[in-house]
K.L.:
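Provided herewith is a single structure, encoded as structure tokens, for subsequent inquiry.
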Number of protein chains: 2
Amino acid sequence: MPKITFFNLPEDKRENLVLAAKKEFARVPLYQASISNIIKDAKIPRGSFYQYFDDKEDAFFYLLNSHVSSYKLHFVQTIHKNNGDIFDAMIDFYTAIITEEKENMQFLRNLFLNMTHRIGNVMTRSFGETDLNEDFKKITNLINHEQLNIEDEHELFHMMQIISSVTFHNIVKKFARELPFDEAVNNYRTEIYLLKKGFVSG
Amino acid sequence: MPKITFFNLPEDKRENLVLAAKKEFARVPLYQASISNIIKDAKIPRGSFYQYFDDKEDAFFYLLNSHVSSYKLHFVQTIHKNNGDIFDAMIDFYTAIITEEKENMQFLRNLFLNMTHRIGNVMTRSFGETDLNEDFKKITNLINHEQLNIEDEHELFHMMQIISSVTFHNIVKKFARELPFDEAVNNYRTEIYLLKKGFVSG
DNA sequence: GTTGACTTATGACACGGTGTCATATAGAAT
DNA sequence: ATTCTATATGACACCGTGTCATAAGTCAAC
């Protein structure tokens with residue numbers, strides 16, 4: 001977490017610093033990003049940076065969290081929009097992510113191509129942290145269970161884990177191979193379809 | 001790839017260097033590993049390291065590749081052992097990975113908890129690089145298709161993608177949460193079971 | 001056994017990034 | 001005014017990287 005001093009900053013100065021950080025993290029992944037670049041861009045002295053953040057990671061995770069918050073909101077809306085059909089909602093959500101705008105896109109690209117566990121954990125703590133998580137319940141309550149071939153909470157939890165693994169992997173692949181939009185969406189559709197029907201005839 | 005000089009090295013010296021590198025990459029993930037530690041441990045001068053490798057990553061990927069090669073072999077054997085049942089084979093394989101010994105374990109742990117796309121790509125290039133990959137065909141030929149609810153090559157490919165996403169994620173989770181063996185295996189079994197039966201009744 | 005051509009070894013060094021710290025400045029409160 | 005607290009600043013020590021000039025070794029040819 002950024003230090004109190006950061007939040008006490010006049011809004012324009014804070015915003016300016018945030019923009020510089022965003023720019024750097026859109027340029028390269030976390031481990032390659034440099035504080036030197038950020039302060040040069042934000043035109044603040046080196047010492048100041050350390051008044052606001054513990055280190056590079058602190059700044060990064062602050063940005064990441066704000067991204068995640070807004071995506072979480074968007075995700076909930078998407079489930080509503082699809083009347084609780086989690087599969088359609090995921091496809092909607094997936095297309096939204098891969099059609100982000102320029103700078104956000106670069107940020108996301110670096111994020112997904114360099115998705116360590118620590119980062120992934122921040123992103124999925126909505127459905128994943130502990131099995132009986134607040135956010136998890138909030139989301140699963142929005143899901144229409146009627147169509148689902150799922151016995152209990154436990155299976156539901158693992159279903160969501162699978163869906164998120166597969167979704168992550170599809171996003172990564174899209175960025176890595178620089179797949180055209182249609183191809184990326186078709187791949188994802190195929191995988192969601194396979195998840196629905198199951199791998200074994202029965 | 002390491003330079004020719006590396007391969008020209010007398011075996012004991014080369015082995016010694018490899019061990020030092022392994023030790024460092026078992027200690028910390030790639031981006032935190034330091035050449036300084038490796039050369040200190042291997043008792044070679046700094047300049048020598050650069051005679052053998054381009055940089056840290058070069059050494060890392062050399063090690064990674066040799067790991068991957070041996071796992072690939074093991075994977076093929078596992079499919080045979082399970083008479084082409086890919087699901088049973090995966091569970092076998094999963095348990096083998098999470099029961100690795102001490103130093104290998106630490107190496108794997110750092111590997112999976114810091115699995116960027118570049119690293120993941122090396123590990124799954126068996127089934128994934130290009131859709132009609134040699135290795136992919138070699139592996140899918142070993143799989144018993146009778147039980148599968150799969151229409152064609154294309155679906156098969158995506159099935160394998162899904163299985164590998166889910167497997168990766170389960171390994172990561174095992175390491176991250178330091179799950180006891182039984183819990184980790186049960187989680188994985190559940191997810192494989194769900195993949196087999198499908199999420200939607202019908 | 002000396003020369004020359006090539007390969008390998010070595011460690012000092014320049015460079016760049018990090019995090020700290022002593023000092024300066026500002027603001028508020030009494 | 002004075003004191004207390006919060007903030008700002010940039011020089012600096014530290015450490016890791018990759019390079020490069022130089023030294024040492026190998027080997028074949030003469």
Side-chain angles (χ1 to χ4, degrees), chain A residues 1-64 107 110 114 116 118-119, chain B residues 1-64 107 110 114 116 118-119:
Chain A
M1 276 283 286
K3 304 184 180 169
I4 324 105
T5 316
F6 174 73
F7 296 107
N8 290 341
L9 237 35
E11 198 162 338
D12 58 335
K13 197 175 176 186
R14 195 177 64 227
E15 190 56 25
N16 189 43
L17 175 52
V18 165
L19 280 176
K22 247 186 192 158
K23 192 169 156 194
E24 179 66 359
F25 293 123
R27 188 181 69 84
V28 285
L30 170 57
Y31 80 102
Q32 282 176 8
S34 100
I35 293 172
S36 297
N37 279 337
I38 297 175
I39 62 176
K40 200 166 55 186
D41 197 64
K43 294 190 184 64
I44 61 170
R46 183 163 199 82
S48 293
F49 182 90
Y50 288 95
Q51 296 281 15
Y52 310 140
F53 301 105
D54 287 331
D55 51 26
K56 215 198 314 184
E57 301 207 341
D58 193 22
F60 178 79
F61 282 102
Y62 170 70
L63 285 188
L64 179 56
F107 181 80
N110 286 327
N114 298 277
T116 65
R118 260 183 79 209
I119 294 175
Chain B
M1 276 282 287
K3 304 183 181 171
I4 324 106
T5 316
F6 174 72
F7 296 108
N8 290 340
L9 238 34
E11 198 163 338
D12 58 334
K13 196 174 177 186
R14 195 176 66 228
E15 190 56 27
N16 189 43
L17 175 52
V18 165
L19 280 176
K22 246 185 195 160
K23 192 169 155 194
E24 178 65 359
F25 292 123
R27 187 181 69 84
V28 284
L30 170 57
Y31 79 103
Q32 283 176 9
S34 102
I35 293 172
S36 297
N37 279 336
I38 296 175
I39 62 176
K40 201 166 55 188
D41 197 62
K43 294 191 185 63
I44 61 170
R46 184 164 199 83
S48 293
F49 182 91
Y50 288 95
Q51 296 281 18
Y52 309 140
F53 302 104
D54 287 331
D55 51 25
K56 214 197 318 185
E57 300 206 341
D58 193 22
F60 178 79
F61 281 102
Y62 170 71
L63 285 187
L64 180 56
F107 181 81
N110 285 327
N114 299 277
T116 65
R118 259 184 81 211
I119 295 175

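Numbers restart at 1 for each chain; the letters A, B, ... are given by sequence-line order, proteins then strands.
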K.L.:
Between D/dG16, C/dA9, D/dT7, which one does the side chain of B/Ser34 approach most closely?
P.N.:
D/dG16
K.L.:
Between A/Ala59 and A/Phe49, what is the shortest heavy-atom contact and its length?
P.N.:
CB-CZ, 4.1 Å
K.L.:
Provide, to the nearest angstrom, the distance between the CG atom belonging to B/Leu9 and the P atom belonging to C/dT10.
P.N.:
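In whole Å, C/dT10 P and B/Leu9 CG are 10 Å from each other.
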K.L.:
Distance check needed: D/dG16 C1' versus B/Arg27 CZ, whole Å only.
P.N.:
13 Å
K.L.:
Send over the distance from B/Tyr31 OH to C/dT18 P, rounded to a whole Å.
P.N.:
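Rounding to the nearest Å, OH of B/Tyr31 and P of C/dT18 are 14 Å apart.
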K.L.:
Specify the separation, in whole Å, of atom NZ of B/Lys43 and atom P of C/dT10.
P.N.:
14 Å
K.L.:
Within this structure, what is the CD-to-P distance between A/Gln32 and D/dT17, rounded to whole angstrom?
P.N.:
14 Å
K.L.:
Need one value for B/Lys13: base, sugar-phosphate or nothing, where a base atom within 4.0 Å counts as base even if backbone is also close, heavy atoms only.
P.N.:
sugar-phosphate
K.L.:
Locate the shortest heavy-atom distance separating B/Glu24 from B/Asn37; write the atom from each residue and the value.
P.N.:
OE2-ND2, 3.2 Å
K.L.:
Look at the side-chain N and O atoms of A/Ser36 and state whether any lies under 4.0 Å from the OP1 or OP2 oxygen of C/dT18.
P.N.:
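Checking C/dT18 against A/Ser36, a side-chain N or O does come within under 4.0 Å of OP1 or OP2.
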K.L.:
Could you state the CG-C1' distance from B/Leu17 to C/dA9, rounded to the nearest angstrom?
P.N.:
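Result: 14 Å.
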K.L.:
Is it the case that over 12 heavy atoms from other parts of the model lie below 6.0 angstrom from the NZ atom of B/Lys22?
P.N.:
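At most 12 heavy atoms, drawn from other residues, nucleotides or ligands, come within 6.0 Å of this atom.
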K.L.:
How many Å lie between CZ on A/Phe7 and P on D/dT7, as a whole number?
P.N.:
13 Å
K.L.:
When the distance from CD1 of B/Ile39 to P of D/dG18 is rounded to whole Å, what number comes out?
P.N.:
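Checked: the CD1 to P distance equals 12 Å.
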K.L.:
Hey, is the side chain of A/Asn8 poking within less than 4.0 Å of OP1 or OP2 on D/dT7, counting only N and O atoms?
P.N.:
yes
K.L.:
Check the orientation of A/Phe60 and A/Phe107. Use parallel for under 30°, tilted for 30 to 60°, and perpendicular for over 60°.
P.N.:
tilted
K.L.:
Return the minimal non-hydrogen interatomic distance between A/Arg118 and A/Phe61, and the atom names on each side.
P.N.:
NH2-CE1, 3.1 Å
K.L.:
Look at the rings of A/Phe6 and A/Tyr62 and say which category their plane angle falls in: under 30° parallel, 30 to 60° tilted, over 60° perpendicular.
P.N.:
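The arrangement is perpendicular - the two ring planes meet at more than 60°.
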K.L.:
For DNA chain C, which residues of residues 44-55 of chain A approach it to below 4.0 angstrom with any heavy atom?
P.N.:
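Only A/Arg46, A/Tyr50, A/Asp55 qualify.
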K.L.:
Looking only at heavy atoms, what is the nearest atom pair of B/Ile38 and B/Ala20, with distance?
P.N.:
O-CB, 3.7 Å
